[in-house]
Amino acid sequence: MIKFLRDPQEESVGVPVIGKNSEAFSVGDAVYIDSDGFLAKATTSSKILGYSIQDVTMASDNQTVAKVKPLYIYAEGVEVEIDSDQACTQTDIGAYADLGTVTSGAQVLNLAAGATGQFFVLGFDVDDTDKVVVTVAEPQKFGYAQS
């Protein structure tokens, strides 16, 4: 689960994008715009547009009928705390990591830290080292890939 480290309502709400059919969004879910132009939960390899700030599930025909546009904030400049699949250690600080689990409301960081990844590891909770502080490293709004 992702937890904002400051009130996300202080951030600008992203430009409205129609939600992908049958997609469930929970507050804090990392999101992106898929190849069809619809807002979806981030995958283990997608770039990150932002974070959902609303709990909502899209109907199976949302893209053509209701056209609900879930609320989200852009990821740049936002630090979040996310659960990881293993204990974070000091050597993980300054490394990159990807999402390992993308279930709505239960996204988990795959802390097999490396030279590239969706998130940049800033720190961890010393009382619960499975909780990792990250910022986005692969923002979808920018047309580049890490090398």
Side-chain angles (χ1 to χ4, degrees), residues 1-58 62-63 68-147:
M1 182 169 100
I2 294 178
K3 178 176 99 176
F4 294 103
L5 295 182
R6 66 176 179 269
D7 184 0
Q9 300 303 328
E10 295 176 6
E11 304 296 326
S12 298
V13 174
V15 173
V17 178
I18 296 171
K20 180 178 176 179
N21 287 347
S22 303
E23 193 82 316
F25 297 92
S26 293
V27 171
D29 284 349
V31 299
Y32 81 114
I33 298 174
D34 70 10
S35 60
D36 294 321
F38 297 103
L39 193 69
K41 283 187 313 296
T43 68
T44 58
S45 61
S46 68
K47 299 211 180 288
I48 308 297
L49 177 66
Y51 300 99
S52 174
I53 56 170
Q54 150 178 56
D55 292 325
V56 62
T57 299
M58 302 297 99
N62 186 65
Q63 295 169 194
V68 172
K69 300 168 185 82
L71 297 176
Y72 67 94
I73 58 168
Y74 293 115
E76 297 89 58
V78 176
E79 295 173 5
V80 297
E81 183 179 86
I82 183 171
D83 292 335
S84 64
D85 62 348
Q86 61 190 5
C88 186
T89 65
Q90 200 62 38
T91 58
D92 294 315
I93 307 304
Y96 297 89
D98 294 315
L99 288 173
T101 302
V102 293
T103 305
S104 182
Q107 292 180 333
V108 175
L109 192 68
N110 175 0
L111 203 54
T116 63
Q118 294 166 304
F119 297 94
F120 181 72
V121 179
L122 297 169
F124 58 92
D125 184 331
V126 294
D127 295 321
D128 185 351
T129 57
D130 287 350
K131 296 196 179 303
V132 182
V133 178
V134 298
T135 190
V136 69
E138 294 181 342
Q140 189 177 26
K141 289 189 343 183
F142 301 133
Y144 67 84
Q146 293 181 33
S147 56

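Keep in mind the model is a prediction, meaning the values are calculated, not measured.
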* To do: Determine, for Phe124 and Lys131, whether the Lys NZ or Arg CZ falls below 6.0 Å from the six-membered ring centre while staying within 45 degrees of the axis.
  =>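 No, cation not above the ring by the 6.0 Å, 45° rule.
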Out of curiosity, [X] [atom1] to [Y] [atom2], how far, rounded to the nearest 0.5 Å?
| X | Y | atom1 | atom2 | answer |
| --- | --- | --- | --- | --- |
| Leu122 | Ile93 | CG | CD1 | 7.5 Å |
| Asp125 | Asp130 | CG | CG | 10.0 Å |
| Lys141 | Ile33 | NZ | CD1 | 10.0 Å |

Atom of [X], atom of [Y] and distance for their closest heavy-atom approach:
| X | Y | answer |
| --- | --- | --- |
| Gly37 | Val17 | O-CG1, 3.6 Å |
| Ile48 | Ala75 | CG2-CB, 4.1 Å |
| Ser46 | Gln118 | O-NE2, 2.6 Å |
| Val27 | Ile53 | CG2-C, 3.8 Å |
| Pro70 | Val56 | CB-CG1, 4.1 Å |
| Val13 | Ile73 | CA-CG2, 4.5 Å |

* **Test side-chain contact (heavy atoms from CB on, under 4.5 Å) applied to Val78 and Val136, step by step** => CA-CA 8 Å; Val78 176; Val136 69; over 6 Å; no
Does any non-hydrogen side-chain atom of [Y] lie less than 4.5 Å from one of [X]?
| X | Y | result |
| --- | --- | --- |
| Ser52 | Leu71 | no |
| Val133 | Val80 | no |
| Lys47 | Tyr32 | no |
| Val31 | Phe25 | yes |
| Glu76 | Phe142 | yes |
| Tyr72 | Val15 | yes |

* Kindly write out the residues that satisfy side-chain contact (heavy atoms from CB on, under 4.5 Å) with Val102, not counting sequence neighbours, or none if the list is empty. =>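 Expected list: Thr44, Leu99.
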Taking the side chain from [X] and the backbone from [Y], do they hold a donor-acceptor pair closer than 3.5 Å?
| X | Y | value |
| --- | --- | --- |
| Asp36 | Phe38 | no |
| Thr129 | Val126 | no |
| Glu81 | Phe4 | no |
| Ser26 | Asp29 | no |
| Asn21 | Asn62 | yes |
| Gln86 | Leu111 | yes |
| Tyr51 | Ile2 | no |
| Glu79 | Thr135 | no |
| Asp83 | Val108 | no |

* Thr101 and Thr103: side-chain donor and acceptor closer than 3.5 Å? ->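 The criterion, which ignores hydrogens and geometry beyond distance, is not satisfied for Thr103 and Thr101.
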* So Val121 and Tyr96, side-chain contact (heavy atoms from CB on, under 4.5 Å) or not? Walk me through it. -> CA-CA 6 Å; Val121 179; Tyr96 297 89; over 6 Å; no
* Asked: Pick from Lys41, Met58, Gln63: which one makes a side chain to side chain contact (heavy atoms under 4.5 Å, CB included) with Lys20?
  ->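 Among the candidates, only Gln63 passes.
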